[in-house]
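Read through the structure below, which is laid out as C-alpha cells, and then see the notes.
Starting from 1, each residue takes its place in the sequence as its number. Note that ligands are numbered from 1 as they come in the structure, with each ligand's atoms numbered from 1 the same way.
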Amino acid sequence: MDIFKVRGGAPLQGEVRASGAKNATTKLLVASLLSDKKSVFHNVPDIGDVEVTVDLCKEIGAEIQWDRAAGIIEIQTKELKSSYIPQRFSGSNRIPILMIGALLGRTEEDIIVPTSGGCPIGTRPVDFHIEALRSLGATIEYRNMKQEGAYFAHAHSGLQGAIITLPFPSVGATENTILAAVRAKGTTVIKNAAIEPEVVDMILYLQKLGANIALDVDRTIRIQGTRKFFDVEHHIISDRIEAASFAMAAVGTKGRVFVKGADHLHMITFLNKMREIGAGFSIKNNGIEFYYDGPLQGGLHIETDVHPGFMTDWQQPFVALLTQSAGSSVIHETVYENRFGYTMMLKEMGADIELFKQCLGGRECRYAGQNFYHSVIVKGPTPLHGKSISIPDLRAGFAYVLAGLMSQEEMIISGIHFVKRGYEDLLGKLQNLGGQIEQTTLPGSASDTKRDKNLQPILAVI
Ligand code: EPZ
C-alpha cells in the first residue's frame, strides 16, 4: 500500500501551475462522442479520472492519442463499437451516466450503463438526469441484473427538444441534458440549469463542434439540435479546485505561492473568503499569488452553494484551514447532505469541530429538518497532531494533506489513490514548493501501482 508521509513546519514557497480542470476534461471527452469529428484538447491533466474516462471512451469505439507530457488528447469516434458500458466502470463516479446523453442520438442500440447498488429509479441520485432525458423522448428503464442493476436507454423514435426545469441546478443533469439536446430535433430549453465554469466550458466546446447553444439570463440554457459537426480544437479551463487547494496550502503553511493559471473569474467567492480570513493574495495577469499576511482570523460564515456561490469542493480544505484561524466559524453545506464525515479524523488530530443537523447561519436549505449533519462550527486555532489516517474521498484527501502540512508532527496518509484521481502530480508539485511530503510503500504491502494493474478500474468518488 502506497502512503504519503507528511510533516509540517515548512512554509510553501514558489510557483505551481494549476492543471486543466478534472470536471471539465472528463465531460469534454464524453461530449466528443456526439459526433464522428476529431477533437483536440489542450491542457489535459494527467490524472486518474481522465485515465478512466479515456478507457471508457475507447471501450465504445473512440480512437485516442494522449500526449501526457504535452497535456494534449486527440479523440475521434468515427463509429460506435458498442453502447454497453462494462460493469468495471460502474461505481459512484458520475461519468458513465453521461454516456446516455452523449449516445442517445448516435445509436439505435440500447445504451446500457450499470450502476452498483441496484436501487430503482427515483431513489437514485441520478433522478434529475433520467427525468430530463425522458422529457426529450428517451426511454430509460432500470433493470436488476445478476450482480447489479443497470440503466437501459434508447430513443428509437428520436429525440425531440423540450422545455425542462431541473428541480436543482445539478451539474451532471445539466450536462447530460445538454448532450442529448445537441442531436435532438428542435429546441431544448433547460431552466434552473447549472452554470458552473465547467458547464460553460462544455457549452463553448459544443458551439465549436456545431451546436447552436446559448446561455440565457436566469440559469436558462437553450440548445437547437443539429447533425452538422466540425473538427474542434479546445483549451480546457484551469482547475479552480486545485488552484484553491494550493492557495490554502500556501496560506496555511505561512508561505507564499504563485498559482499560475488560477482564473480570477472562477474564484471570486473563494477570494472573498480568503480576504475575510486574513489571507493575502495578489491577482496577476497569468495567475494569483497567495501569501500568509499575519495570523488568520475566524469568525466566518460560509455557505456552500452552486456557482457562483462558494463551491462545495472547496469546503473540506477550507475547514482544515479554519482550524488554524482564531475564533469560531460556521460552515453550512447545502449541496451535499453528508460531506462532513472527514471532520472526525481532523477532530482526532486535535481540531475543535462540532457537527449540527440544523442549517446554521442563515437561510434554510433543502436538508432542513432532516437527519443530516450538514453544518459545523470550527473553533481555532488548535495544534494538529500527527496521526495515521485513511482518505475517504478526493477533497477530504487534500484536506488531510493540508492538515499534515500545517501540523508539527508526522502524519501517515493512506488511500492516496483518491487524490491521484483528481490532482495532477500532487506529490511533485508540493515537493517543488518545499513541502515535506514523500510517498512510500508500507513495509510488507504491495505498491498501489502494482496492485492497480491487477485491479479493474474503479471510479473515484463522485
Ligand atoms: C459535480 O458532481 C462534480 N463532479 C462534483 O465534484 C461537484 O461537487 C458537484 O458537481 C457540485 O459542483 C463532477 O463534475 C464529476 P450535482 P455532480 O449533480 O454533477 C443531487 C469533485 O470532488 N442530485 O450538481 O454529480 C446530488 O445528490 C466532485 O471533483 C440529485 O439529487 O453534482 C447532490 O446533492 C465531488 N439527483 C446535488 O444534487 C440528481 O439526479 C448536486 O449534484 C442529480 C443530483
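With hydrogens and angles ignored, the 3.5 Å screen pairs a side-chain donor or acceptor of K347 with a backbone N or O of I353.
Those atoms of ligand 1 with a heavy atom of V335 less than 4.0 angstrom away are 33 (C), 34 (O), 37 (C), 41 (C). Which parts of ligand 1 touch Y367 is read off a 4.0 Å heavy-atom cut-off, strictly below it: atoms 34 (O). Ligand 1 places these atoms under 4.0 Å from at least one heavy atom of P125: 23 (N), 27 (O), 30 (C), 36 (N), 39 (C), 40 (O), 43 (C), 44 (C). For ligand 1, the atoms closer than 4.0 angstrom to any heavy atom of F168 are 37 (C), 38 (O), 41 (C). Ligand-side atoms of ligand 1 in range of K22: 21 (C), 29 (O), range being under 4.0 angstrom from any heavy atom. Those atoms of ligand 1 with a heavy atom of T312 less than 4.0 angstrom away are 8 (O). In the vicinity of G172, heavy-atom distances shorter than 4.0 Å reach the ligand 1 atoms 18 (O), 19 (O). Of all atoms in ligand 1, listed by their number and element, those nearer than 4.0 Å to a heavy atom of R339 are 8 (O), 22 (O), 35 (C).
By the 4.0 Å heavy-atom criterion, E131 is excluded from the residues contacting ligand 1. Residue contacts with ligand 1 include R366, since one of its heavy atoms falls under 4.0 Å from the ligand.
Residue P169 has no N or O atom closer than 3.5 Å to an N or O atom of ligand 1. For F128, a nitrogen or oxygen atom sits less than 3.5 Å from a nitrogen or oxygen atom of ligand 1, counting backbone and side chain alike. Considering backbone and side-chain N/O atoms, E196 never comes within less than 3.5 Å of an N/O atom of ligand 1. Residue V171 has at least one N or O atom closer than 3.5 Å to an N or O atom of ligand 1.
Under 4.0 Å is where a charged nitrogen must lie from a carboxylate oxygen, and between E175 and K27 at least one such pair does. Here E424 pairs with R17 in a salt bridge; the nearest charged N to carboxylate O distance falls below 4.0 Å. Between R339 and D313 there is a salt bridge, since a side-chain N of the basic residue sits under 4.0 Å from a carboxylate O of the acidic one. Ionic pairing of R363 and D305 is present here: one or more N-O contacts between side-chain nitrogen and carboxylate oxygen are shorter than 4.0 angstrom.
Both the sub-6.0 Å distance and the 45° axial angle are satisfied by R366 relative to the ring of F168.
Counting heavy atoms closer than 4.0 Å to ligand 1, residue H129 contributes atoms from both its backbone and its side chain. By the criterion of a heavy-atom distance under 4.0 Å, both the backbone and the side chain of D127 are placed next to ligand 1. The proximity of E198 to ligand 1, defined as any non-hydrogen pair under 4.0 Å, does not occur for either the backbone or the side chain.
Here the CD1 atom belonging to I437 is positioned 7.0 Å from the CD atom belonging to Q431, to the nearest 0.5 angstrom.
The heavy-atom pair separating A244 from M267 by the smallest distance is N-CE, 3.6 Å.
Qualifying side-chain contact (heavy atoms from CB on, under 4.5 Å) partners for T174, counting only residues two or more places apart in sequence or in other chains: L166, I178, A193, A194, V199, I221.
In this structure, the side chains of E51 and W66 come closer than 4.5 Å at one or more pairs of heavy atoms.
Considering E198, E196, H266 in turn, E198 is the only one that fulfils the side-chain hydrogen bond (donor to acceptor under 3.5 Å, both in side chains) rule with R240.
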